[in-house]
Every structure is written in structure tokens, then in C-alpha cells.
Amino acid sequence: MAKMKAGQALAQVLKSWDIDHIYGITADSINNTVDGLYQERDGLDYIQVRHEEVGSLAATADAKLTGKIGVSFGSAGPGATHLFNGLYDAKMDHAPVLAIVGQSSTEVMNTNFFQEMNQDPMFIDVAVFHKQVVSAEQIPYVVDEAIRAAYAQHGPAVVIIPDNLSGQEIEYAPMKTAKVYSNATKSDISEEAIDETVNMLREAKHPVLWIGRGVAGAREQVIELSQNYQMPVVSTVPGTGIIPSDHPSFMGSMGRLGTKPAFEVAQNADLILFVGTNFPFARFWPENVKVLQVNNSAEDLGKQHDADFTILADAKDFLNDLLSRGVKLPESKWLKAAQEDKANWDEWLLDLSKDESKGLRAESVMEAIKENATDETVFGLDVGNNTEWAIRQIPLNKDQKFSLSGWFATMGYGLPAGMAAKLSYPDRQVVTISGDGGYAMVMQDLITEVKYNMPVINVVLENKAFGFIGHEKLVAGQAPYGIELQGADWAGIAENMGAIGLTATDLPSLKAAFDKIKELEAAGNTKPIVLDAKIANIDPVDTAFMPLDPKIFDKETIEGFRAQYELTGNQPALSEILDKD
């Protein structure tokens, strides 16, 4: 037992869980807690953000990138409400995070004091755990309990602390219970379930392996299964990179953020082996496709698409059990055609990147990022057309990592994710990709990157529009009202904030900008960089629905779609590739 302030005991609990940094903004309702962080500052860094939303999003990105809990804090009232965006993102993407929320001192609670409010009900919907402590002695115990709940239930935990309680002295002894970061999940998969899986895959003519984040860590198994059973692989967007993004059998993702080959193999599939994901757009698969679903959550089985056969199991355990049968099907025309379709698509994207007849294209910027990325680059992706362009082209084929706001899809995620990436992986190159809309929501925290010497490369794609929403209005036949954005000199603003600003308006200046970035990296640069890429506002091809198959669509429809999205050159429909001799 040792005597110390409860706020210091709280900080010791965080350190015992290997938490080495925490984001937030101090204020009168959380000052004693922050003073506890000061007492334990050796090994626990306080990252002072300029908006609690950024801290909360960064904490969520920490959890997604590392698997280790992310932590942020906010004061009572507005500080607490500012945390919600990051907390809901954590909830939707099942990321373990802890939010420490200040509260007015107990002597003024329930008296309508300044910023005093009943905060616990606010967190009922978002949090897997939410408690307000009622004594100083409870603080370390409840924080430890919250962290366990966040890990166990894969979501946000909230602890509300009246400020006077964290400033009181208590007797504290570290808890002896071992720190457990994940649940045991070894699956008991029946021989009959594997038998049925093998039979269904043998009988299928056009099988597809569809994977999500639940398959993370099973790269070799996915590749082997694809080869052995002659299956093209489609992933959810958050599952991108599980199989190398340049693998010839990887089709990409289906949906607006997807690819032509992924859409076409989905439309032509007769069986989908659906593993480790609750992909929400599965409801748009063809009605007659057979679905064999594997998930470790009984709740998710059949949730998005009715399944012909289900297996409740950990994804990696299932893949290993299936591979242990040693089945290898003969080479198939189906997989070869899908691989050709993907190769054609990649070549088309490369051709677009070389074309500046309409101005600097986003595809050109993505190609430049790809060429200058390392085998260990960490990417932070914002939300909008920038996500669409990035997920199609950034390299996720080695040991790269990326984080995005997958299900909640909140704009402004990119920059906080870059901060989290640099703190968690200080020796890696970190690149964020944002549109000018999302970047403007959080750009004040570029100064946080400056303060803490984070040499993040922040790429801003300025097209002066909410392009993703603009496409929706175009499809709906609506006027582009509220879509246009005021442009700015993002590079100049960066310079004024103490960062390095670069601008690209065409292919030569884009190359010069990345040459400068390489030069800065070689010299050991410690400043954040903003690359202000002034791109043409060109609507990227919507791959959620692609009327290209001449067996289904008339010539006028096909030609109109191709012309609209510049799908010229060697881009035959998958059915046409299959029909070739």
C-alpha cells in the first residue's frame, strides 16, 4: 500500500496496461486527473490536442492499428460531448477505447452549477461500459474494470470522475490480477462442417472467397485457400491488405469504394465463402448465389444475407482446418478470367494516373504516393472520394498498415489517424489522405503534429467540393446544392502553423513535391508536411453497379456508362473474358 492522489493511482493503472500515451484537453473539471498524469509522466505521455474530437478519433485509430486500447479524456460538458464522434467510431468498428470524462466536484453536483450536467445517460447508447465513480478509492478499480470491459466487448468504455475525488489522497496497491488483452477463441469445428464446406466448394463453378477483418493475421492461409480452391478473393474495405493488394487473385472490394473485377466476380459467383465479416452490402449480392458463412459471432450469421450453411468459428481456425484436408482443385478458367479482369483494371488506373488532359487527377496523386511509400508505411484515410481513390491504389502488399472510419464513416478521421500512427509507430513513414472537406474539420490539430515533432505526410486532395455526396446528388437527379467548397492555400496555412507546405497542380509539380519529401525524409525531418494537391473535380467511377455485361445490358447503356467514366481501352466485361477461347 502507498499513499497517493487518486488521479496518480489512475495513471498507474493506465501504465500497468501498457498504455504509453493519452489524448485530451485539461479543464477545471478534470484538472486533478491531469495532475495525476503529470505525476506519472515518465512513460505516459499526455498529448495535448486542440479539439477533444481529434483526441477521441486518434485513440480509436490507436486501437485499430495496434489492437491495444486507445485512451482520451475530456472535461465535463462540452469536453465530454466532443468525444462522441470518436466513441461512436469505436463502437461501430469494434475498437477498444477508454474515455475518461471530468465532472463537477461532488459538493456542487445537482445544484445547476456551471457546466454541471448528468452525463452518465449520455453514454448509454455508445459505451459497452459507463460508470461514474462515487469515491476516490473507487477510481483505480473502476478504471481497471473499464479497460477489461473495453477489451472483452471490443468497444468504448467511459469512466466519469468528479474532479475533487481524483484530487483526494487514497491508499493504493496495484492489482495483482493478470492483464488479459483478448478472449480465448479456439474454435471447436466439427468434421462434418468441414466436409460440407469441401463438398460445396468442389461443386461450385464460380466460387468466391469473401473476407473481412476477422481474417486478419491469416494472410498465408487466404493465399493458399484461394490457390487450392481456385477462388478469386474479395475483401471488405477494412479487410484490404489481408491478402497482398497486388496479388493477382485479389479483386479488391465491392461497392462504391471498390473495383470493377470485385463487382463482376460478385455478379457472376454461384458460391460465396463469406468469412470473418458482417459486410453490410452483402444484401446486394445476386439473389441466387449460395452463401457459406463463417463468423465467430452467432448474432452476425445470416444478418446481412441469408446463408445456406453457417459455421460458428474463429476465421483462422476455420481456414486451418479446411486447409488441413489437402484438397487442390485443378486450374480453372474462372480464376484465370478474374485475374485478367483485375490486371486490366490495374492497368486502367495506371493509365489514368498518367493523363492530365483535364488537370491533375486524384489517381496521379495516389500513384505518386504508391511509388514513394515504403514496405512499412502506415496510412490514415479520411472519408469521401479520397477513400475511394486511396483504397484502390495505395500499396497494402507488404507490412503496410492503414486505418479508416469504416462503419461510422466520419469525415475528419485522416489527420487524427496519422497522429495515432506516428505515436504508435514512430520509426515508420506515415501518410494521411484527406479531401479538403474532411481536412478542414480537423486541420487545427496540424499544430499538434508540429508541437510533438510528428513528421506525418498529410496529403490534401482539394477539388473544392463534397465529391462523394455530389455523386449521390447526381445519381438522384438533384441540384448540386451545398456541394461546392471554398478553396484555400492549405500549404501556406501549414507553413504558418510551423509545418512544411508543398503544392502540386500538375504532374511535374507533383513529382517535385515527392522529390522534396524524399529529400526531407533522408535529412531526418521532424516537421509534419502538408501536400496541397489541387486536383480536378472528376467523379470517380461508381463500382457499386456497373452495367457492362452485354448479356444483361443493351449497347447504349454500356457505351453511356463507359463514356461517363472513361472506361475505355482494354476493359472487357468479365463475361466476355470467360467466353474467349
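Starting from 1, each residue takes its place in the sequence as its number.
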Residues 314-350 vs ring-ring contact (aromatic ring centres under 6.0 Å, His included), sequence neighbours excluded, gives H206-W334, W345-W348

query: Are the charged groups of D89 and K64 less than 4.0 angstrom apart, N to O?
result: yes

Could you tell me whether K398 and E376 make a salt bridge, using a distance below 4.0 angstrom between a side-chain N and a carboxylate O?
no

In terms of side-chain geometry, is the basic nitrogen of D399 or R428 positioned less than 4.0 Å from the acidic oxygen of its partner?
yes

Residues E220 and K316 bridged, charged N to O under 4.0 Å: no

**Report entry** Full working for side chain to side chain donor-acceptor pair (under 3.5 Å) between N85 and T410
**Finding:** CA-CA 7 Å; N85 232 23; T410 178; 2.8 Å; yes

- Would you say the side-chain atoms of T557 and D554 include a donor-acceptor pair closer than 3.5 Å? yes

Ionic contact status for D506 with K534, cut-off 4.0 Å:
no

* Check: T432/Y439 side-chain N/O donor and acceptor closer than 3.5 Å -> no

Original post:
Just checking, any donor-acceptor pair under 3.5 angstrom between side chains of Q429 and E521?
Top reply: yes

Which of V459, I517, L510 passes side chain to side chain contact (heavy atoms under 4.5 Å, CB included) with L502? Answer is I517

Residues 282-305 vs salt bridge (charged side-chain N to carboxylate O under 4.0 Å, His left out), sequence neighbours excluded, gives E299-K303, D300-K303

Check whether the side chains of N570 and E347 place a donor and an acceptor atom closer than 3.5 Å, and report yes or no. no

Problem set entry | F545 and F553 aromatic ring geometry - parallel, tilted or perpendicular at 30°/60° bounds | perpendicular

E576/K580 ion pair, N-O < 4.0 Å: no

Fill in: Derivation of the side-chain contact (heavy atoms from CB on, under 4.5 Å) call for I558 and F561
CA-CA 5 Å; I558 294 171; F561 186 81; 6.0 Å; no

Take V383 and F468, measure what side-chain contact (heavy atoms from CB on, under 4.5 Å) needs, and give me the verdict at the end. CA-CA 9 Å; V383 170; F468 200 80; over 6 Å; no

Test side-chain contact (heavy atoms from CB on, under 4.5 Å) on Q293 and I311 and set out the steps.
-> CA-CA 6 Å; Q293 186 176 5; I311 299 174; over 6 Å; no

Next on the checklist: Which label fits F279 and W210: parallel for a plane angle under 30°, tilted from 30 to 60°, or perpendicular past 60°?
Outcome noted: tilted

Practice problem: Indicate yes or no: does E264 engage K260 in a salt bridge with an N to O separation below 4.0 Å. | Solution: yes

Considering residues, nucleotides and ligands other than Q478, do more than 12 of their heavy atoms fall under 6.0 Å from its CD?
yes

- Message: Salt bridge or not between E472 and R256? Use side-chain N to carboxylate O under 4.0 Å.
- Response: yes

Donor-acceptor check, side chain of R392 to backbone of G258, threshold 3.5 angstrom: yes or no? yes

* To do: Begin with the C-alpha distance, continue with both residues' side-chain angles, and end with the deciding distance and a verdict on side chain to side chain donor-acceptor pair (under 3.5 Å) for N296 and D314.
  => CA-CA 5 Å; N296 65 358; D314 173 77; 4.9 Å; no

Q) Would S357 and D355 count as a side chain to side chain donor-acceptor pair (under 3.5 Å) if you check the C-alpha gap in whole Å, the side-chain angles of each, and the deciding distance to 0.1 Å? A) CA-CA 6 Å; S357 59; D355 177 16; 2.8 Å; yes

Between R562 and E559, does any side-chain N to carboxylate O distance fall below 4.0 Å?
no

Do NZ/NE/NH1/NH2 and the carboxylate oxygens of E566 and K358 come within less than 4.0 Å?
yes

Would you sort out whether K336 and E331 count as a salt bridge (Lys or Arg N to Asp or Glu O under 4.0 Å), showing the intermediate values?
-> CA-CA 8 Å; K336 282 186 175 180; E331 213 172 58; 3.0 Å; yes

Might you confirm whether atom CZ of R202 has over 12 heavy atoms from other residues, nucleotides or ligands at distances under 6.0 Å?
-> no

### Query
Heavy atoms, side chains only, cut-off 4.5 Å: are P528 and M454 in contact?
no

For this session: Take atom OH of Y425 as the centre, draw a 6.0 Å sphere, and report whether it contains more than 12 heavy atoms from other residues, nucleotides or ligands.
Result: yes

Intermediate values then yes/no, side-chain contact (heavy atoms from CB on, under 4.5 Å), T236 and M254: CA-CA 7 Å; T236 61; M254 192 195 89; over 6 Å; no

- Task: Using distance alone, with no hydrogens and no angle criterion, decide if Q227 and S249 have a side-chain donor and acceptor under 3.5 Å apart.
- Result: no

Is it true that atom NZ of K370 has more than 12 heavy atoms of other residues, nucleotides or ligands lying nearer than 6.0 Å? no

Keeping D549 on the side-chain end and K551 on the backbone end, is there a donor-acceptor pair under 3.5 Å?
yes

* So, the side chain of T387 versus the backbone of G384: is there a donor-acceptor pair under 3.5 Å, distance only? -> yes

In sequence, state the C-alpha distance, the side-chain angles, and the governing distance for N397 and H247, and then conclude on side chain to side chain donor-acceptor pair (under 3.5 Å).
CA-CA 8 Å; N397 51 355; H247 193 282; over 6 Å; no

